[in-house]
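Okay, so here's the structure we're looking at.
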Amino acid sequence: MKIAMIIVSSLLTLAAFVSAGGKLRKSPQVIGGMTHVGVKESQVPLLALMEIAGGVGLLVGFAVTDLGRLAGAGLVLYFAGAVVAHLRIKDNVATLAPALSLFAISVATLVLQISR
């Protein structure tokens with residue numbers, strides 16, 4: 001189980017860093033998607049920092065168990081918020097899929113973090 005936890009946590013960390021990078025670079029596609037669900041441009045850097053903090057927490061969590069669990073829980077909440085934002089505006093499945101996938105991966109990460 002530990003190997004699975006390391007692999008899934010690493011994938012989620014990578015996804016969180018890539019997502020945060022798009023936000024910090026102010027990629028037009030990312031900013032457009034964020035404003036589409038009602039996020040103000042001034043909130044985007046804070047959301048990026050939350051993703052970075054979650055990713056760093058998962059990495060440090062390999063050595064500090066409780067931090068990994070807390071980071072996993074934080075990312076579950078973060079991506080749950082993204083799913084809710086898409087559902088609130090009745091986005092189609094194709095638009096919802098990335099947020100839903102990251103939510104599922106974050107739930108799997110948290111389960112593996114807790115079970116180790």
Minimum heavy-atom separation for [X] and [Y], please, with both atom names.
| X | Y | result |
| --- | --- | --- |
| Ala48 | Ala20 | O-CB, 3.5 Å |
| Ser9 | Gln113 | OG-NE2, 3.1 Å |
| Gly54 | Ala71 | O-CB, 3.5 Å |
| Phe103 | Val83 | CB-CG2, 4.0 Å |

With a 4.5 Å heavy-atom cut-off, do [X] and [Y] have their side chains touching?
| X | Y | answer |
| --- | --- | --- |
| Lys26 | Val44 | no |
| Lys2 | Phe62 | no |
| Val39 | Leu47 | yes |

Taking everything shown except Ile3 itself, do over 12 heavy atoms lie less than 6.0 Å from its CD1?
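No, not enclosed.
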How many angstroms lie between atom [atom1] of [X] and atom [atom2] of [Y], to the nearest 0.5 angstrom?
| X | Y | atom1 | atom2 | result |
| --- | --- | --- | --- | --- |
| Ser10 | Leu59 | OG | CG | 6.5 Å |
| Ile114 | Met5 | CD1 | CE | 12.0 Å |
| Ser106 | Leu11 | OG | CG | 12.5 Å |
| Thr35 | Gln43 | OG1 | CD | 11.5 Å |
| Arg69 | Leu58 | CZ | CG | 12.5 Å |
| His36 | His86 | NE2 | NE2 | 7.0 Å |

Could you see if [X] belongs to whatever hydrophobic cluster contains [Y]? Use Ile, Leu, Val, Met, Phe, Trp, Tyr and a side-chain cutoff under 4.5 Å.
| X | Y | result |
| --- | --- | --- |
| Val84 | Met50 | no |
| Phe79 | Leu46 | yes |
| Met1 | Val111 | yes |
| Leu110 | Ile7 | no |
| Ile89 | Leu102 | yes |

So, does Arg88 use its side chain to make a donor-acceptor pair with the main chain of Val37 at under 3.5 Å?
yes
Please identify which of these residues, Leu100, Val8, Val76, meets the side-chain contact (heavy atoms from CB on, under 4.5 Å) condition with Ile105.
Val8
